[in-house]
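I have placed the structure first, in the form of C-alpha cells, so that the comments after it can refer back to it.
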2 protein chains.
Amino acid sequence: MTGCQSEDDQILELLQALNKGVSPKFERCAGISPTRLRLLHQLFQVEEISQISLQREIDIDPAAITRHLKGLEESGMISRRNNPADNRVTLVSLTPQGRERVHSYKEEKKRFISSLLAGFDEAERKTLEDMLIRLQHNINGM
Amino acid sequence: MTGCQSEDDQILELLQALNKGVSPKFERCAGISPTRLRLLHQLFQVEEISQISLQREIDIDPAAITRHLKGLEESGMISRRNNPADNRVTLVSLTPQGRERVHSYKEEKKRFISSLLAGFDEAERKTLEDMLIRLQHNINGM
DNA sequence: GAAGGATAGTTGACGGGTCAATTAAATAGG
DNA sequence: CCTATTTAATTGACCCGTCAACTATCCTTC
C-alpha cells in the first residue's frame with residue numbers, strides 16, 4: 001500500500017490514512033457522525049445557543065451548520081426558534097429526547113476513544129497530544 | 001474553540017482539526033490536492049499501470065479514481081488506453097508534460113512537509129510515526 | 001428617518017469521498 | 001458451445017465540507 005518514500009512523507013501519508021479511517025469507524029461505532037456529535041455535545045452543555053456561536057465553537061462552515069441542524073431537527077433531536085430580541089439569530093436547543101440520546105452517544109464515543117488509544121499509556125497520550133498540537137500550530141502558521 | 005473534556009477526547013478533536021487543516025493547506029501550497037498528487041506519484045514511478053492497481057495502491061473508491069483520472073486527463077497530465085490483452089482494464093500513464101510537472105509538485109510537497117514537521121527532531125519524528133502507525137492499527141482492528 | 005454597512009442564516013454549485021447498480025469483457029464449467 | 005461467474009470500470013445518488021451569492025434584520029450616522 002505504500003511505496004519507498006522518505007520517513008517524513010510517511011508521516012503525511014499516515015495522517016491521511018488515519019483520517020480516512022477515523023470518521024467512518026467512529027460513525028459505525030457511535031451511530032452518528034463525529035461532527036454531529038460535536039454539535040450535540042455543545043448543545044448538551046448549554047441551555048440554548050445561537051447558530052453562529054455554535055458555528056464558532058465547532059469551526060465549520062455556516063452552510064454545513066444549517067444542513068446538519070436541519071437534519072437533526074428532522075430527527076427530533078433539536079429544536080430551533082427565532083431570537084425575539086434579534087430576528088437574525090436562530091436559537092438552537094436539544095429536545096428532551098435529544099438530550100437523552102446524547103448520553104448514549106457519549107458512551108459510545110468514550111468506548112471508541114478507548115479502542116483508538118488502546119496500548120497508549122498516560123505518558124504516551126500526553127506526548128501524542130503535544131505533538132498533535134505542535135502540528136496544528138505549524139499548520140496554522142502557513 | 002474547545003470545551004472542558006477529557007484528555008483523550010482532546011486527542012480525537014485534535015486529529016479531526018488537524019485533518020481539516022492539512023488538506024486545504026497542502027493544496028494551497030502544492031497547487032494540487034493530496035490525493036491527486038498521490039496518484040501522480042504512483043504513476044511517476046511506473047511506466048504504465050492499470051486503474052485497478054492504482055486504486056489498490058492509493059486505497060480509494062474506484063469511482064473516485066475514475067473521476068480523478070478524468071480530470072487529470074483533461075488537464076493533459078496523464079493518458080489512458082485500453083489494455084489490448086484484456087479489454088476490461090485501462091492502462092494509465094503520465095504524459096511527458098505530466099512527468100515534468102510532477103517534479104515541481106514533489107518539490108512543493110517536500111517544502112510542505114518540512115513546514116508541517118518544523119521543530120520536530122529525528123527522534124520525535126520517529127516517535128510520531130510509530131504512534132500514528134499504532135493508531136492506524138487500532139482503527140483497523142475495529 | 002433613510003441610506004449604508006455589518007451580521008445571521010440560507011441556498012446553489014462544486015470538490016472529494018462513499019456505496020449500489022450497471023455495462024462490458026474475460027473466464028469457467030457443464 | 002453456451003451459460004454463469006468474476007472482474008474492471010463507469011455512473012448516479014448521497015454525505016460532508018467549502019465558497020460565493022443572496023436575503024433579511026439590525027445598527028449607524030447623518
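Excluded from the calculations below are hydrogen atoms, water molecules and symmetry mates; all remaining heavy atoms, backbone and side chain alike, are included. Residue numbering restarts at 1 for every chain, and letters A, B, ... go by the order of the sequence lines.
Nucleic acid contact class of B/Ser23 (heavy atoms, under 4.0 Å, all strands): none. Within 4.0 Å of A/Asp61, counting heavy atoms only, lies at least one base atom of the nucleic acid. Here B/Asp86 lies in heavy-atom contact (under 4.0 Å) with sugar-phosphate atoms only.
What separates CD of A/Gln16 from C1' of C/dG17 is a distance of 13 Å, to the nearest Å. As rounded to whole Å, 16 Å separates atom C1' of C/dT27 from atom CG of B/Asn83. Rounded to a whole Å, the CZ atom of B/Phe26 is 19 Å from the P atom of C/dG15. Atom pair A/Gln55:CD and C/dT7:P shows a separation of 13 Å (rounding to whole Å applied). In this entry the distance linking CD1 of A/Ile52 with P of D/dA24 reads 19 Å, nearest Å.
Of the two residues contacting DNA chain D, namely A/Ala85 and A/Ala63, the nearest-nucleotide position lying further toward the 5' end is that of A/Ala63. If A/Lys70 and A/Lys20 are placed on DNA chain C by their nearest nucleotide, the residue sitting closer to the 5' end is A/Lys70.
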Problem - Residues A/Lys126, A/Asp130; criterion salt bridge (Lys or Arg N to Asp or Glu O under 4.0 Å); working and verdict - result: CA-CA 6 Å; A/Lys126 187 74 189 113; A/Asp130 286 346; 3.2 Å; yes

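For A/Val89, taking side-chain heavy atoms from C-beta onward, the closest of the listed nucleotides C/dA8, D/dC16, D/dT10 is C/dA8. Listed nucleotides D/dT18, D/dT7, C/dA6 differ in distance to B/Arg88; the shortest reach to its side chain belongs to D/dT7. Nearest nucleotide to the side chain of B/Thr66, out of C/dG16, D/dT11, C/dG9: D/dT11.
Scanning both residues, A/Asp121 and A/Glu124, for their nearest heavy atoms gives OD1-N, 2.7 Å.
For C/dG9, one of the phosphate oxygens OP1 or OP2 lies less than 4.0 angstrom from a side-chain nitrogen or oxygen of A/Thr90. Considering only side-chain N and O atoms, A/Gln51 lies under 4.0 angstrom from the phosphate OP1 or OP2 of C/dT10. Put simply, B/Arg56 has no side-chain N or O that comes within less than 4.0 Å of OP1 or OP2 on D/dT7. For A/Thr35 and D/dG17, the shortest distance from a side-chain N or O to OP1 or OP2 is below 4.0 Å. A/Asn87 has a side-chain polar atom (N or O) that falls below the 4.0 Å cut-off from OP1 or OP2 of D/dC26. Under 4.0 angstrom from either OP1 or OP2 of C/dG15 there lies no side-chain N or O belonging to B/His68.
Between the side chain of B/Arg67 and the base of C/dT18 there is at least one donor-acceptor pair of N/O atoms closer than 3.5 Å.
Listed for the A/Gln42 side chain is no donor-acceptor partner under 3.5 Å among the backbone atoms of A/Leu39.
Ion pair B/Glu73/B/Lys70 not flagged as a salt bridge, since none of the NZ, NE, NH1 or NH2 atoms sits closer than 4.0 Å to an Asp/Glu carboxylate oxygen.
The closest side-chain heavy-atom distance from B/Phe120 to A/Leu135 is below 4.5 Å.
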